[in-house]
Amino acid sequence: MFESSVYRNRREALKKKVGNGIILILGNNEAPANYPDNTYKFRQDSSFLYFFGLSHPGFAGVMDVESGEDILFGDDVTMDDIIWMGAQPSVKELALRVGVEKSFPFLRLKDVISKAVSQRRKIHFLPPYRFDNMMLLEDLTGIRASIVRQHASLDLIKAVISLRSTKEPCEIEEIDKACNIGYEMHVAAMRLCKPGVSEQYIAGVLDGIAASYGSMTSFATILTQNGQTLHNHDHSNLLQAGRLMLTDAGAERLSNYCSDHTRTIPVGGKFTDRQRDVYRIVLACHDKALELARPGVTYKSVHLAVCETLVSGLKDLGIMKGNTVDAVSSGAHALFMPHGLGHMMGLDVHDMEDLGQCYVGYDEETRPSEQFGLASLRMGRRLQEGFVVTDEPGCYFIPALIDKWKAEKLHAEFLNFDVIETYKDFGGIRLEDDILITKDGSRFTGEKRIPITIEDVEETMNN
Ligand code: GLY
Ligand code: MN
């Protein structure tokens, strides 16, 4: 938790931006896994964390824009709770830690919201993504749970995004530390990646590192020798010599700030010539993004420049052909990179994705695309100093997609299907780092960069 003034300042800034009514920020509740007392690890809502700082279940925060008052709603523990959980600070004490003077039992939330509704005051809330909070919002506002998401306040969404997008120094410090855990995870994966070792074992070690230094992983670990499947959560294989192991994994600090890195490494510690050729192209794409990312540049233009680097590299290998710029504008390259260059990162690994990607990654100027591949770009708008984004190009040979495009002769003027056929057993490569946009460029987050050049990866794997 940061100093109480951090949260107070954020709430003041939010009230000013929203301008009227009542702002309601719901925290999360415990989520049962298989019976009520056996819950998933608790994860607080990120906007609640941002404005109210408390990682406890069963809280809600209200900001009254007109009176300027902030209220925390939550229940003090009972004697029964104390017997099982030990003594806990009171809600009043917790509220004061984050600069909130007024706190009430949770049931009083209904009175406050009902009164505001009866006075025809605007109730601003964010789109709920958990069903219990949809039901709570129905109870509080009278709007049916099934449609309550559609009634979320656009003014509040935009105000929250404008604040959370630019990371404060205290947040950058947390992200740097999360990336240091990410470094430990990925270097451990490099050391363990040997023929005969199971994917599950390495994934388990990585998850343990994340938990032992911080809170948990920032998303379900992707670790696979079938890296052509973009988000492959299957860990059932034994690693085979000659294959590539793709690891996309990150850590979440106790403060819930995240890291997100991907490395693709040769099982056994030595890249084959064919793997080197494709790896160098993906690394050149990654470097292209680093070269271009700076304040004032749209991330969409960086994504497109990276795609051109991919096409020109694939043309050198005889995989693609034709005019590079035309190939990218037609979307032909998306056969090999069907996802976007990156996303915002912060308290969420895909930061603020619950608030709507068209508001987080796009604006009036930069609109989302519907073209296959480009449609998956989560962050397109102009970069600003203080943004943290991922740079994660990839090149994949997805047999089912290749077969489909070949049968349909899709983008045949740019694709050498005969050559592509010979890569159907290749797998996929993705390389990902997290970058902070600085005054005149960008920097990696975290103290040390996870080995990424062919030489450094091989050396780390073999020593
Ligand atoms: N690292 C997982 C993702 O960005 O989707
Ligand atoms: Mn990512």
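FYI, side chains are in, hydrogens and waters are out, and symmetry mates aren't considered; it's all heavy atoms of this structure. Read the numbers this way: they start at 1 and go in the same order the structure lists the ligands and their atoms.
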Per-atom contacts of ligand 1 with E392, taking only distances under 4.0 Å to non-hydrogen atoms: 4 (O)

Criterion side-chain contact (heavy atoms from CB on, under 4.5 Å) against I25, the qualifying member of F48, Y50, F125: F48

Would you mind checking which non-hydrogen protein atom is closest to atom 5 (O) of ligand 1, with the distance to 0.1 Å? H350 NE2, 2.8 Å

Report the relative orientation of the aromatic rings in H261 and H186; use parallel for angles under 30°, tilted for 30 to 60°, perpendicular for over 60°. perpendicular

Knowing that exactly one of I23, V98, V160 qualifies, which makes a side-chain contact (heavy atoms from CB on, under 4.5 Å) with F51? V160

Residue and atom name of the nearest protein heavy atom (relative to atom 2 (C) of ligand 1), distance in Å to one decimal: D248 OD2, 3.4 Å

Proximal atoms of ligand 1 relative to F219 (non-hydrogen, under 4.0 Å): 1 (N), 2 (C)

Ring geometry between H56 and F59 (parallel below 30°, tilted from 30 to 60°, perpendicular above 60°): perpendicular

Identify which protein N/O/S atoms are less than 2.8 Å from the Mn ion (ligand 2). D260 OD2, H343 NE2, E392 OE2, E432 OE2

Cationic tip of R280 within the cone over F271's six-membered ring, i.e. under 6.0 Å and within 45° of the normal? no

May I ask you to decide if the ring planes of W405 and H411 are parallel, tilted or perpendicular, using 30° and 60° as cut-offs? tilted

Decide whether a cation-pi geometry holds between R11 and F52; the criteria are a distance under 6.0 Å from NZ or CZ to the six-membered ring centre and an angle within 45° of the ring axis. yes

So, H286 and D433: side-chain donor and acceptor under 3.5 Å apart, yes or no? yes

With the threshold set at under 4.0 angstrom, would you say H231 reaches ligand 1 through any of its heavy atoms? yes

Under 3.5 Å, is there a donor-acceptor pair between the side chain of N256 and the main chain of E252? no

Atoms of ligand 1 close to H343 [distance to a heavy atom under 4.0 angstrom, numbered from 1]: 4 (O)

